[in-house]
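Below: the structure, in structure tokens.
Every chain is numbered from 1 and lettered A, B, ... according to where its sequence line falls, protein lines coming before strand lines.
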Number of protein chains: 2
Amino acid sequence: MSSARDRILDAYERQILAGGERGTTLDAVAADAGVSKGGLLYHFSSKDSLRSSLLERLVERSQIDAAEMPQLPEDAVRLFVESSADTADQLHSTFLASQTLARNGHADAAEAIRTVEQGWYDRLAEATGDPLVARMAQLIGDGIYDNAAIDPGGDGFTLTPSAEEREAITEALISLLDR
Amino acid sequence: MSSARDRILDAYERQILAGGERGTTLDAVAADAGVSKGGLLYHFSSKDSLRSSLLERLVERSQIDAAEMPQLPEDAVRLFVESSADTADQLHSTFLASQTLARNGHADAAEAIRTVEQGWYDRLAEATGDPLVARMAQLIGDGIYDNAAIDPGGDGFTLTPSAEEREAITEALISLLDR
DNA sequence: GTCTATATTGTGATAGAC
DNA sequence: GTCTATCACAATATAGAC
């Protein structure tokens with residue numbers, strides 16, 4: 001059983017992903033979470049508090065995820081390229097929502113994103129032992145995230161690379177490791 | 001001498017890049033453009049009209065840019081990786097602003113971005129003759145754009161790759177062409 | 001073409017009942 | 001802990017003078 005707090009944060013995240021920050025009125029978030037606006041404001045005293053709580057959640061989830069970085073270079077690259085922007089994944093949807101906040105001028109969100117990205121890069125660089133391939137994999141992952149964020153539905157005519165394309169990209173990056 | 005219309009669109013673009021859609025109130029845009037709110041609304045009858053005019057500008061500028069795609073595969077890759085998100089460039093800043101609008105749930109902006117990205121991909125794939133490397137270069141470019149958008153200042157501790165890194169990435173991608 | 005009001009609505013936040 | 005008012009203000013848009 002999830003707490004009301006969690007359900008409200010989930011709704012906030014969903015609203016950001018669906019319509020950007022523009023649509024995240026307290027009314028809309030409360031309705032999506034199944035509470036009244038007053039109920040929402042009992043748990044989060046202001047909209048700023050809602051945002052900073054989402055950023056805390058991002059850091060927590062990214063730390064849990066950090067423990068799962070594969071040790072084999074190939075697997076680390078594969079993880080970055082092939083699982084980026086899986087919107088069903090909790091960490092990824094929190095990350096995408098936070099990124100949208102960062103692009104809307106919230107310095108605290110930009111700071112959190114920088115921290116998480118830096119952590120990902122460090123672990124990827126360590127796992128691969130190749131800073132350049134690590135950077136390429138990270139940027140490709142960011143590109144996939146970005147396209148996924150713009151193209152929510154993703155029904156056919158999308159910019160998001162297919163599973164086959166991602167696999168081919170992974171193989172290409174791995175081949176660069178063996179230079 | 002630029003027209004008032006252009007100056008207002010420039011201001012709108014600047015405000016989006018500086019603070020996301022959130023900060024682009026008619027007051028703020030008008031002040032930035034050096035006109036009154038009423039003056040702004042004479043040229044653009046609504047905020048929607050302001051947005052759709054920016055998207056028209058994006059398509060125009062991307063078509064002008066299309067003529068400049070290099071013929072050599074190496075140069076085409078280099079252009080994508082090394083000139084992405086040069087915010088001083090007119091096309092790039094219009095693109096970044098439109099991307100922010102797309103991430104805020106505006107379907108018309110998402111559609112325009114898709115069109116432009118598809119056009120870029122097609123030309124890059126043609127110039128390189130290698131769909132996979134074209135896709136990688138495009139995603140890396142998107143990743144660089146994305147980081148540049150989150151990190152406006154970019155003073156040292158940023159995620160945006162340095163000029164040296166970009167050059168190395170270009171070389172790596174070019175090496176993949178010769179398989 | 002550009003301005004100064006002003007009308008109108010949307011939104012964040014408070015107060016207090018239950 | 002959750003709700004229903006309600007307030008205060010910000011933002012879009014209109015009307016009409018200059």
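In this structure, B/R57 pairs ionically with B/E13, as a charged nitrogen and a carboxylate oxygen lie closer than 4.0 Å. The pair A/R78-A/E171 meets the salt-bridge criterion, since a charged nitrogen lies less than 4.0 angstrom from a carboxylate oxygen.
Taking atom CZ of residue A/F44 and atom C1' of nucleotide C/dG12, one finds them 16 Å apart after rounding to whole Å. Between the CG atom of A/L40 and the P atom of C/dT14 there is a distance of 13 Å, given to the nearest Å.
Sequence order on DNA chain C of the closest nucleotides to A/R22 and A/L41 puts A/R22 first from the 5' end.
By the 4.5 Å heavy-atom criterion applied to side chains, B/D142 and A/L159 are not counted as neighbours.
Nucleic acid contact class of B/S36 (heavy atoms, under 4.0 Å, all strands): base.
Under the 3.5 Å distance criterion, with hydrogens and angles disregarded, a donor-acceptor pair is assigned to the side chains of B/Q99 and A/R103.
For A/Y145, the ring pair (Phe, Tyr, Trp, His ring centres under 6.0 Å) partners at least two apart in sequence or on another chain are A/H92, A/F95.
B/Q90 CD: 12 or fewer foreign heavy atoms inside a 6.0 Å radius.
Nucleotides of DNA chain D that come within less than 4.0 Å of any heavy atom of chain A span, from the 5' end to the 3' end, D/dG1 to D/dT4.
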